[in-house]
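A quick write-up on the structure given underneath.
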Amino acid sequence: MKIIAIGRNYIDHAKEFNNPLPKEPIFFMMPETALLRKNQPFFYPDFSTDIHYEVEVVIKINRLGKNIATEFAHRYYSEIGLGIDFTARDLQKNCKEKGLPWEIAKSFDGAAPISNFLPLEKIGDINNINFRLELNGNIVQQGNTKDMIFPVDQLIAHVSKFTTLKIGDLLFTGTPAGVGPVKIGDRLTAYIENEKMLDFIIK
Ligand code: ZN
């Protein structure tokens, strides 16, 4: 399986970094070894001193597809979850300045904690889902999927133009504003509506 992650998909987050709004979705890949399941602790890596959290709605692909049309994209998923797209902001800044790929800042082991998945029918409209992240009990990120620049179905159409989607692939759909650093000892909890999806510590 593969993990596809979308960058800059919420206006307020793109503005945080003074990034121009994208004209089409930006995506990058993470390897399976980036996943962290079952609320296992995240071990702060020694190659960075500026790891940031980014909470994101994650779509699980349930059918094989290529060149999927936007109007049929909803047939390719039925479950959603939450993930954290941990980012070594110091390494990413360095890569960006040099015009290099971001992989070392995004794709390292454990960079993508992932929740269990909920059936979408239980939650409702994919384009109106509230989610939030708490750091040590304080809300730091709050989003609603209606604020995506490119809605989920457009993301699937775009990504599948370039890469075949397979059963079990995960699509991280971008983060809203409020990203920030973590430190050892912090606890992250994340919710879809009022359902607790993630609860783990930084070690
Ligand atoms: Zn992200």
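- Using a 4.0 Å cut-off between charged side-chain N and carboxylate O, Glu193 and Lys122 make no salt bridge.
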* Asked: After noting the C-alpha distance and the side-chain angles of Lys196 and Glu134, does the key distance pass the salt bridge (charged side-chain N to carboxylate O under 4.0 Å, His left out) rule?
  -> CA-CA 11 Å; Lys196 189 190 274 190; Glu134 295 181 1; over 6 Å; no

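- Between Pro181 and Leu135, the shortest heavy-atom contact is O-CD2, 4.3 Å.
- For the pair Glu16 (side chain) and Gly178 (backbone), a donor-acceptor distance under 3.5 Å is present.
- Rounding to the nearest 0.5 Å gives a distance of 6.5 Å between CE of Met29 and NZ of Lys2.
- Annotation: Asn194, atom CG; neighbour count of heavy atoms from other residues, nucleotides and ligands within 6.0 Å does not exceed 12.
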* Asked: Where do Asp199 and Arg187 land on the side-chain contact (heavy atoms from CB on, under 4.5 Å) test, with the steps shown first?
  -> CA-CA 7 Å; Asp199 185 356; Arg187 179 179 180 189; 2.7 Å; yes

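- Within 6.0 Å of atom CZ in Arg63, more than 12 heavy atoms from other residues, nucleotides or ligands are found, so the atom counts as buried in its surroundings.
- Gly65 approaches Ser160 most closely through the heavy-atom pair O-CB, 4.3 Å.
- Residues Thr145 and Ile126 are not in side-chain contact: their nearest non-hydrogen atoms beyond the backbone lie 4.5 Å or more apart.
- Taking a 4.5 Å side-chain heavy-atom cut-off between Ile, Leu, Val, Met, Phe, Trp and Tyr, the cluster of Leu170 extends to Met1, Ile3, Phe28, Met30, Leu35, Val58, Trp102, Ile114, Phe117, Phe172.
- One hydrophobic cluster, built from ILVMFWY side chains closer than 4.5 Å, holds both Ile84 and Leu118.
- Using a 4.5 Å cut-off on side-chain heavy atoms (C-beta onward), Ile192 and Ile80 make contact.
- Looking at heavy atoms from C-beta onward, Asp147 lies out of side-chain contact with Pro176 at the 4.5 angstrom threshold.
- Atom CG of Asp125 sits about 11.0 Å away from atom NZ of Lys146, to the nearest 0.5 Å.
- Taking 4.5 Å as the limit, every side-chain heavy atom of Val55 sits out of range of all side-chain heavy atoms of Arg132.
- Linking Ile, Leu, Val, Met, Phe, Trp and Tyr residues whenever their side-chain heavy atoms come within less than 4.5 Å leaves Tyr191 and Phe131 in two separate clusters.
- Here the side chains of Val182 and Leu188 are in contact, with some heavy-atom distance below 4.5 Å.
- Between Tyr77 and Val152 there is a side-chain heavy-atom pair separated by less than 4.5 Å.
- Taken to the nearest 0.5 Å, the CG atom of Leu21 stands 5.0 Å off from the CD1 atom of Ile149.
- Shown here is Asn127, whose CG atom has more than 12 heavy atoms of other residues, nucleotides or ligands within 6.0 Å.
- Between Ile51 and Tyr53 there is no side-chain heavy-atom pair separated by less than 4.5 Å.
- When each of Ile156, Leu155, Ile6 is paired with Phe150, the side-chain contact (heavy atoms from CB on, under 4.5 Å) condition holds for Leu155 and for no other.
- Cluster membership for Phe47 and Leu36, using ILVMFWY side-chain heavy atoms within less than 4.5 angstrom, is shared.
- No donor-acceptor distance shorter than 3.5 angstrom exists from the side chain of Asn9 to the backbone of Met148, with no hydrogens or angles considered.
- Contact detail for Pro45 and Phe108: the closest heavy-atom pair is CG-CE1, 4.3 Å.
- In this structure, Ser115 and Gly81 approach most closely via the heavy-atom pair OG-CA, 3.5 Å.
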* To do: Output, in order, the C-alpha distance, side-chain angles, deciding distance and verdict of salt bridge (charged side-chain N to carboxylate O under 4.0 Å, His left out) for Lys93 and Asp90.
  => CA-CA 5 Å; Lys93 185 166 173 280; Asp90 42 359; over 6 Å; no

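- The minimum heavy-atom distance linking Ile61 with Lys166 is given by the pair CG2-O, 3.4 Å.
- Relative orientation of the Phe27 and Phe162 rings is tilted, given thresholds of 30° and 60° on the angle between their planes.
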* Stepwise side-chain contact (heavy atoms from CB on, under 4.5 Å) check, Leu133 with Leu82 -> CA-CA 10 Å; Leu133 178 68; Leu82 282 184; over 6 Å; no

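- Between His13 and Val179 there is a side-chain heavy-atom pair separated by less than 4.5 Å.
- Put simply, OG1 on Thr70 and NE2 on His158 are 11.0 Å apart, with the number rounded to the nearest 0.5 Å.
- Of all heavy-atom pairs spanning Cys95 and Pro101, the tightest one is SG-O, 3.3 Å.
- Grouping the Ile, Leu, Val, Met, Phe, Trp and Tyr side chains by contacts below 4.5 angstrom, directly or via other members, places Ile4 with Ile104.
- If you take CG on Asp169 and NZ on Lys60, they are separated by 11.0 Å, rounding to the nearest 0.5 Å.
- Atom NZ of Lys203 has 12 or fewer heavy atoms from other residues, nucleotides or ligands within 6.0 Å.
- Once rounded to the nearest 0.5 Å, the distance linking CD1 of Ile202 with CD1 of Ile184 reads 9.0 Å.
- Looking only at distances, no side-chain donor or acceptor of Thr87 sits under 3.5 Å from a matching main-chain atom of His52.
- Thr173 contributes a side-chain N or O that, together with a main-chain N or O of Val57, makes up a donor-acceptor pair within less than 3.5 Å.
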